[in-house]
Amino acid sequence: MEVAQILCMNKGAGETSYTQNSSLQQKIISDSMPITEKAVEAIISTDAASASPPQSIAIADLGCSSGRNALLLIFDTINLVYAKCKRLGYPLPEVSVFLNDLFNNDFNSIFGSLPDFHRRLKDTNGDEVGRCFISGVPGSFYGRLFPKHSLNFVHSTSSLHWLSKVPEGLEGEDKIRMNKGQVYISRTSPPSVLLAYAAQFRNDFSRFISSRSEEMVSGGRMVLSFMGRKSMDPTAAGTAHQWELLAEALTTLVSQGLVDAEKIESFNAPFYAPCMEEVRMEIEKEGSFDIDQFEEFDVEWDGLAEGANSGLKSLSRGQRVAKTIRAVVETMLESHFGFGGEIMDELFEGYEAIVEDYLLQNTVTNTNLVISFVKK
């Protein structure tokens, strides 16, 4: 499965769109903002030490997606740069912003919102703003995207848990499916499945780190935020358990004759939630970065950001989770299973009920990892 061709958040602004159902991701950006703040301010402080104010700063947001969150991080980052420069008495630098995501991302909706973005930037800073150049960079961040030594600050949130492809080795001899009845790592998965997922993560993450190493300037900063886990055991309770519940909802469609069982057996999510030790090992092995800060925090499945729309607030927990997950994985499911419309509605209605029941009986959270680096 080529993830770059099928992984895309639901476009538009309708009821099932990512725009309307990304409050959880917005909350994650907000929760990790203190770490981002520290990293951005350090970029200006580094230049202050050399008594040479930065004339320009290049920022890359990798996995920017679309909708209301696409420019949120960039807006806050530019304001931080301006505030720090004003405190130090520096002229405001020119800012180049590069928004990256996969080829099918809804870049047009982002570009359409840029006039309002620039107006808000001026309003927030009393018209005291520098030149700001924003462009889209489609492509996979698991390879090079920018010229050497061109970036001062790199940020990625809610993206690096997606793998570049489904791991190899999920089929045994005679093409027997190794992860029968599941779509991701679960408590019933054999060790070979766990090893295949871990190996794919190591391969992808090492390519990500080595690519950024070439693109960033010495002293540049990078902040990564993505789903992970606290336990070394990838099958531990609460570790991306939403996938097990989604498999249960899909199996219900099989019993109703709406989905072929073989389709479920052949679907494996290109997702991996690593533990802190796995991430640290790959960073230290590559050797180009020093880890400045490494945090993990709990995220409720149906977490809401401040100012979330009233429609989301009025929903049950199961409804909020189902809408959030659907906005992220619907295009992937549609591509593999070949259904949409009423069957997709039925799938997520079933998923909603399963999640609602599960949350009534269990207190669970996901874990989000946040890492801040300095380029040597």
Side-chain angles (χ1 to χ4, degrees), residues 1-3 6-7 161-201 227-229 231-275 301 318 321-326 328-340 342-362 364-367:
M1 181 190 293
E2 287 298 324
V3 174
I6 61 170
L7 179 59
H161 42 246
W162 293 110
L163 301 173
S164 66
K165 64 178 184 178
V166 171
E168 296 176 2
L170 298 182
E171 290 183 346
E173 295 180 8
D174 301 322
K175 299 292 183 181
I176 295 173
R177 309 293 182 184
M178 304 296 289
N179 206 23
K180 194 171 178 64
Q182 297 298 334
V183 298
Y184 179 59
I185 294 170
S186 77
R187 289 161 292 187
T188 62
S189 299
S192 59
V193 170
L194 279 56
L195 291 172
Y197 268 99
Q200 186 62 48
F201 168 76
M227 300 308 293
R229 65 180 194 274
S231 171
M232 289 287 287
D233 178 7
T235 68
T239 302
H241 192 57
Q242 289 107 317
W243 290 108
E244 285 191 50
L245 302 185
L246 183 59
E248 188 178 330
L250 284 164
T251 301
T252 300
L253 294 188
V254 172
S255 67
Q256 295 171 350
L258 298 175
V259 175
D260 187 343
E262 169 60 24
K263 282 287 189 180
I264 297 179
E265 301 301 333
S266 61
F267 180 80
N268 290 284
F271 176 96
Y272 188 73
C275 65
W301 284 14
V321 173
K323 282 179 172 291
T324 299
I325 298 297
R326 179 172 183 171
V328 173
V329 305
E330 181 166 4
T331 56
M332 195 186 309
L333 296 177
E334 199 170 56
S335 172
H336 180 83
F337 290 97
F339 61 68
E342 291 182 4
I343 297 179
M344 190 70 74
D345 290 342
E346 190 160 341
L347 169 64
F348 281 98
E349 284 168 10
Y351 182 63
E352 171 196 318
I354 291 168
V355 170
E356 190 77 48
D357 183 60
Y358 184 80
L359 292 178
L360 285 173
Q361 300 178 52
N362 300 274
V364 291
T365 57
N366 282 334
T367 299

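- Remark: Glu248 pairs with Leu245, Ile354 by the side-chain contact (heavy atoms from CB on, under 4.5 Å) rule, at least two apart or across chains.
- By the 30° and 60° cut-offs, the orientation of the rings of Trp162 relative to Phe271 is perpendicular.
- For the side-chain contact (heavy atoms from CB on, under 4.5 Å) test, residues two or more places apart in sequence or in another chain that qualify with Glu346 are Leu253, Gln256, Leu258.
- The side-chain hydrogen bond (donor to acceptor under 3.5 Å, both in side chains) test applied to Glu342 returns no partner, not counting sequence neighbours.
- With sequence neighbours excluded, the residues forming a ring pair (Phe, Tyr, Trp, His ring centres under 6.0 Å) with Tyr197 are Tyr184, listed by chain and number.
- With sequence neighbours left out, the salt bridge (Lys or Arg N to Asp or Glu O under 4.0 Å) criterion links Glu262 to Arg177.
- Not counting sequence neighbours, the partners of Ser186 by the side-chain contact (heavy atoms from CB on, under 4.5 Å) test are Gln182, Thr188, Ser189, Glu244.
- Taking the side-chain hydrogen bond (donor to acceptor under 3.5 Å, both in side chains) definition, one finds that Ser192 meets it with nothing, sequence neighbours left out.
- Checked by atom type and distance alone, the side chain of Glu356 pairs as donor or acceptor with a backbone atom of Gly318 at under 3.5 Å.
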Pair Phe337-Ile343, side-chain contact (heavy atoms from CB on, under 4.5 Å): steps then yes or no: CA-CA 10 Å; Phe337 290 97; Ile343 297 179; over 6 Å; no
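- Pairs passing the salt bridge (Lys or Arg N to Asp or Glu O under 4.0 Å) check and including a residue from residues 328-339, sequence neighbours excluded, read Arg326-Glu330.
- Here the straight-line distance linking atom CD1 of Ile325 with atom CH2 of Trp243 works out to 7.0 Å at 0.5 Å rounding.
- For the pair Thr331 and Ile6, the minimum side-chain heavy-atom distance is 4.5 Å or more.
- Listed by chain and number, the residues in a side-chain contact (heavy atoms from CB on, under 4.5 Å) with Lys180 are Glu265 (sequence neighbours excluded).
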